[in-house]
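Below, chain A is the first sequence line, B the second, and so on; all start at residue 1.
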Amino acid sequence: MLENKDYFEEVYRVVREVPTGRVTTYGAIARYLSLRAGARMVGWAMNAAHGSDVPAHRVVNRIGVLSGKHFFGGPTVMQERLEAEGIRVEDDRIVEFNKLLWDPSVELAV
DNA sequence: TCGCTGACAGCTT
DNA sequence: AAAGCTGCCAGCG
């Protein structure tokens with residue numbers, strides 16, 4: 001039930017709802033928000049989230065890879081943050097990502 | 001002013 | 001089953 005380009009606010013809302021120690025994917029958010037723009041715009045919204053209270057480090061691609069780690073001001077900043085929350089990261093990939101995955105369409109149960 | 005790329009994901013061949 | 005192409009919005013070249 002989205003209005004218009006304010007979708008980025010919805011993205012922030014969802015990302016903030018992500019519990020500590022959990023991670024989500026761009027596709028999960030895009031699907032939950034019914035973003036026809038696909039996951040790309042979600043990532044773009046994260047770009048705008050740079051500096052906001054949005055824990056973008058908890059958002060990764062569908063394979064659990066820290067695709068946007070390079071955008072955190074450092075190549076290991078994202079990993080450091082994830083590890084600080086108890087999330088194990090190995091080779092830029094989230095360990096047991098499938099288990100740590102927090103899907104809004106599932107957790108929020110619509 | 002026109003075209004390409006980009007924090008991705010899903011469909012088609 | 002695996003690999004490649006397209007879609008979407010917006011910022012840059």
Side-chain angles (χ1 to χ4, degrees):
Chain A
M1 201 181 274
L2 296 179
E3 297 303 315
N4 43 30
K5 49 191 170 183
D6 291 324
Y7 67 91
F8 71 96
E9 291 186 15
E10 297 296 327
V11 175
Y12 295 166
R13 182 74 61 87
V14 176
V15 177
R16 282 184 203 172
E17 290 297 305
V18 178
T20 306
R22 281 309 169 184
V23 291
T24 188
T25 67
Y26 304 98
I29 298 172
R31 184 175 66 179
Y32 176 70
L33 299 177
S34 301
L35 289 178
R36 302 164 213 174
R40 275 203 207 208
M41 291 286 77
V42 178
W44 202 254
M46 299 270 92
N47 193 1
H50 218 301
S52 300
D53 296 339
V54 181
H57 60 275
R58 292 181 192 157
V59 184
V60 295
N61 61 359
R62 76 171 186 93
I63 31 185
V65 174
L66 286 54
S67 38
K69 63 171 185 171
H70 196 73
F71 278 59
F72 280 77
T76 55
V77 176
M78 190 173 183
Q79 181 174 339
E80 291 281 321
R81 275 191 167 177
L82 290 172
E83 290 180 331
E85 296 188 352
I87 300 176
R88 287 169 286 181
V89 180
E90 187 173 292
D91 189 44
D92 296 333
R93 289 175 300 187
I94 297 178
V95 181
E96 298 183 290
F97 163 72
N98 189 15
K99 193 193 295 186
L100 297 175
L101 177 60
W102 185 85
D103 191 328
S105 298
V106 177
E107 303 300 327
L108 297 181
V110 186

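Residue I63(A) is found in a hydrophobic cluster whose other members, listed by chain and number, are V65(A); membership requires side-chain heavy atoms under 4.5 Å apart, directly or through intermediates.
Applying the side chain to side chain contact (heavy atoms under 4.5 Å, CB included) test to F72(A) and every residue at least two apart in sequence or in another chain returns A56(A), H57(A), V77(A), M78(A), R81(A). With sequence neighbours left out, the salt bridge (Lys or Arg N to Asp or Glu O under 4.0 Å) criterion links E80(A) to no other residue. With sequence neighbours excluded, the residues satisfying salt bridge (Lys or Arg N to Asp or Glu O under 4.0 Å) with R88(A) are E96(A).
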Tell me which donor-acceptor pairs under 3.5 Å the side chains of residues 38-49 of chain A have, and how far apart each pair is, sequence neighbours excluded?
none

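Put simply, CG on L35(A) is 14 Å from C1' on dA10(C), counting in whole angstrom units.
Between the P atoms of dC4(B) and dC5(C), the separation comes to 15 Å (whole Å). For dG3(B) and dG7(C), the P atoms lie 16 Å apart once the distance is rounded to whole Å.
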Between the protein and nucleotides 7-10 of chain B, list the N/O to N/O atom pairs that are separated by less than 3.5 angstrom.
from   : atom 1 : to     : atom 2 : distance (Å)
dA7(B) : N7     : G43(A) : O      : 2.2
dA7(B) : N7     : N47(A) : N      : 3.2
dA7(B) : N6     : M46(A) : O      : 2.6
dA7(B) : N6     : N47(A) : N      : 3.3
dC8(B) : N3     : R40(A) : NE     : 3.3
dC8(B) : N4     : R40(A) : NE     : 3.4
dC8(B) : N4     : R40(A) : NH2    : 2.2
dA9(B) : OP1    : R62(A) : N      : 2.6
dA9(B) : OP2    : R62(A) : N      : 2.9

